[in-house]
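Have a look at the structure below before the remarks.
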Amino acid sequence: MSQSTKLPLYITLATFVLAFVLCAAQYPAMASTRVVANLLTDNAFLGITAVGMTFVILSGGIDLSVGSVIAFTGVFLAVILRETSIHPLVAFALVLLITTGFGAAMGGIIHYLEMPPFIVTLAGMFLMRGLAYVLSTESVPITHEFYDWLQSLYWKAPGGGRFRLTGALMLLTYVAAMIVLHRTRFGQNVYAIGGSAQTAQLMGVPRARTTIGIYAVSGGLAGLAGIVYTLYTSAGYSLATVGVELDAIAAVVIGGTLLTGGSGFVAGTFFGILIMGLIQTYIVFDGTLSSWWTKIVIGGLLFAFIMLQKGLGWATTARIRLLTASDARS
Amino acid sequence: MAMPEPVLHARGISKFFPGAIALDDVELALYPGEVHALLGENGAGKSTLIKCLTGAYTRDGGTIALSGVEIDPRDPLDSQALGIGTVYQEVNLLPNLTVAENLFLGRQPMRWGMVDHRRMKREAREVLRDYGLDIDPGRLLDSYSIAIQQIVAIARAVELSGKVLILDEPTASLDHDEVKLLFSVIERLKGRGLAIVFITHFLDQVFAISDRATILRNGRVVGTRRLADVSQTEIVTLMLGRQLEAATHHRAHSEPGELLLSLKGFGKGGSIEPFDMEIREGEVVGLAGLLGSGRSETANVVFGVVAADQGTAELRGRGLRITNPREAIRNRFALCPEDRKTDGIVGDLSVRENIILSLQARQGWHRPIPRAKAEEIAQHYVKALDIRLASLDMPIRLLSGGNQQKALLARWLATEPELLILDEPTRGIDVGAHAEIIALIEDLREKGMALIVASSEMEELVAYSSRIVVLRDRRQVGELSGAEISTKAIVEAIAAEDAA
């Protein structure tokens, strides 16, 4: 990929580094491994969700159902572990199968019925939230020794930071996503469809398979995020993670991915997540600011990044016009 | 001369649309190493033939043999796999991927189950070198000019197909040097034994690069000629089925009528310098000048597309202010813009809806024109302008370019304007429709309409203008009328500024 497409990624990275340095200058404790470890743990489920969202947005789509899918996954796991004696690993496999299948079904509807992803996934959002309510309207605690064991897994870094399993899972997801997006034909097809679905089809990209695959990835990763969320809260609650889909979209956009599709990097999303987490941490450290400031700052950042993309777009067209003009003269 | 066996031999190709025969028993034979031009007026069936050959349309009759074997492509992808590649005027590649990724999409070199980017780039560089391009394939396609993108598209099509290459209007958006670059690529491919179909409106280019030409008219083949043996006139005569009238000399006009519009010191800072202009009923004022001289800007400021910031306007002696197109339309002005695709037609609406659009807009949307009335108006103009279509209900995007242009004209004529402004009315349409539009302009003038016509074709302006305003650097630099009008005088008026 060329310099100009990577520019938004570099800007996101620079924003994160700058913000971190500024925070650490004010509160030196923020540079500790403890804060860094918590940053990863606290944002693991959102980070994993945002990976799926990156696939979707790169293809020019949107997935509004992921927040509900996470809540459904949580309630499903809590209820099934309470009511039956199956092993959590089996339950995990089952729920991943359901959520991946659910995503694939949405992708199929989007492709075959030529429906806008916004509407289809909006319907999916209500459906999953409703299913979660049907299973239980109350917060169901999860008590299982396997859960306790998973939660007890961590690597204690010098300085007292505890890097937990969930954070590692998130990092692994990012690495896997990078490989898939840049090193497989499926990944290339995601970018191709995001550039222009029609042209991609004319060039031989299997559009049906790719679209279904993209939403299956998003659904499956939302399921994985749901599992991580139960490990984080030890409960399943149908009212949980309302609006998480919007946080995920925000992270993707702050990470430099074009909302119109075709351009962006999953690494950018990672730093988008870290920036959002950092703002929250800063507010906790400050202690006097209302937590709503998180939303305000994220709103401002989103706006800034959208303006930046617009500006880069203008700069590119201007450069091409210049190029063409100089071609014509020579 | 003994010909080898044709690479592609299509026989008896027929295609019917509801109410129209698009192709009737068409035969096309392509030999290895030849450039074969496909010629015809708009609507003659060139695009339909190509679509039948590539499987974009299902043909209703006939056989296609590729290297002697009968084929039946399901869709363009299928025909590409069989050996027929197609490149269109609009580059059908992905601007957000790199050049290499575009070349190898769907057949990337793999290593241990992963896309091998390094090898892909290396191979892309080698492939492009065969096409005379030495560019960095790791950069985004978007960062290269249209000509280079076009060549990348050709490279992809040829690498994937390898027997027949169809170029559908590849030069339409290229400038002179870029066309030369493209032609050098075509020559190389010819040397490699490919059969190339070349579709274009530019006859000069046909003679520059093609070996043979097949000419279509009304869905039938009217002749296949070796270009070395024929003249341009002969080809044009075949295309039109009649002799082309030389519409390049100035003919006497009937006397103009009353003064309609008078502009004094009219202009807009940064767009067009203040100018004076008078136009009478039954007069055509031509706007001549080089590209960027202010022709379109003049048309736009008169119509209020950009509001004038100085000067006065009088319509039939009464003061007039035009700050937006709606006011202009209310005063019975009409403007046919330059780019019909982006500014004019609404592709998915029917021909009938497109024709009554402006009339309806002037009436207000709360008073819909009754269906029968709309039908009648549309029918009238379709007949008057000889718009060729299968049905008034078909989406306008299915019409050929020249017919779209005529439908656009019909839209404005339906509002019965007193002043009609045409910006490049003959751009991008073929020679037959061209002559018809010129005849139409003359006809409207004789009926007493006032017209302002901006055009880059001086011969055309000379033919129908009562007076010609010459522009240069967004300024009026001269006005010619009556017997003074000639292409020579226009050129001199443009050049006179240089001497000063």
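Every heavy atom of this structure was used, including side-chain atoms; hydrogens, water molecules and symmetry mates were not. Quick note on labels: first sequence line is chain A, next is B, and so on, each numbered from 1.
Within the 3.5 Å criterion, the main-chain N or O of Val115(B) finds a donor-acceptor partner in the side chain of Arg183(A). His117(B) places a side-chain N or O within 3.5 Å of a backbone atom of His182(A) that can act as its donor or acceptor partner.
Heavy atoms closer than 4.5 Å to chain A are found nowhere in Arg111(B), neither backbone nor side chain. Contact annotation for Leu93(B): both backbone and side-chain heavy atoms come within less than 4.5 Å of a heavy atom of chain A. Using a 4.5 Å cut-off between heavy atoms, Gln198(A) makes no contact with chain B at all.
To the nearest 0.5 Å, atom CD1 of residue Ile193(A) and atom CG of residue Asn96(B) are 11.5 Å apart. One distance of note links CE of Met114(B) with CD1 of Ile179(A); it measures 5.0 Å at 0.5 Å rounding. For the atom pair Asn92(B) CG and Thr199(A) OG1, the distance stands at 5.0 Å (nearest 0.5 Å).
Between Asn102(B) and Met203(A), the closest side-chain pair of non-hydrogen atoms falls below 4.5 Å. Proximity of Leu77(B) to Leu202(A): side-chain heavy atoms (C-beta onward) are nowhere separated by under 4.5 Å.
What you find for Arg185(A) and Gln108(B) is that their closest heavy atoms are NH2-O, 2.6 Å. Of all non-hydrogen atoms in Leu105(B) and Ala192(A), the two that sit nearest each other are CD2-CB, 3.9 Å.
Within 6.0 Å of CZ on Arg118(B) lie no more than 12 heavy atoms contributed by other residues, nucleotides or ligands.
With chain B as the partner, the residue from Pro206(A), Gly204(A), Gly261(A) showing the most heavy-atom pairs under 4.5 Å is Gly204(A).
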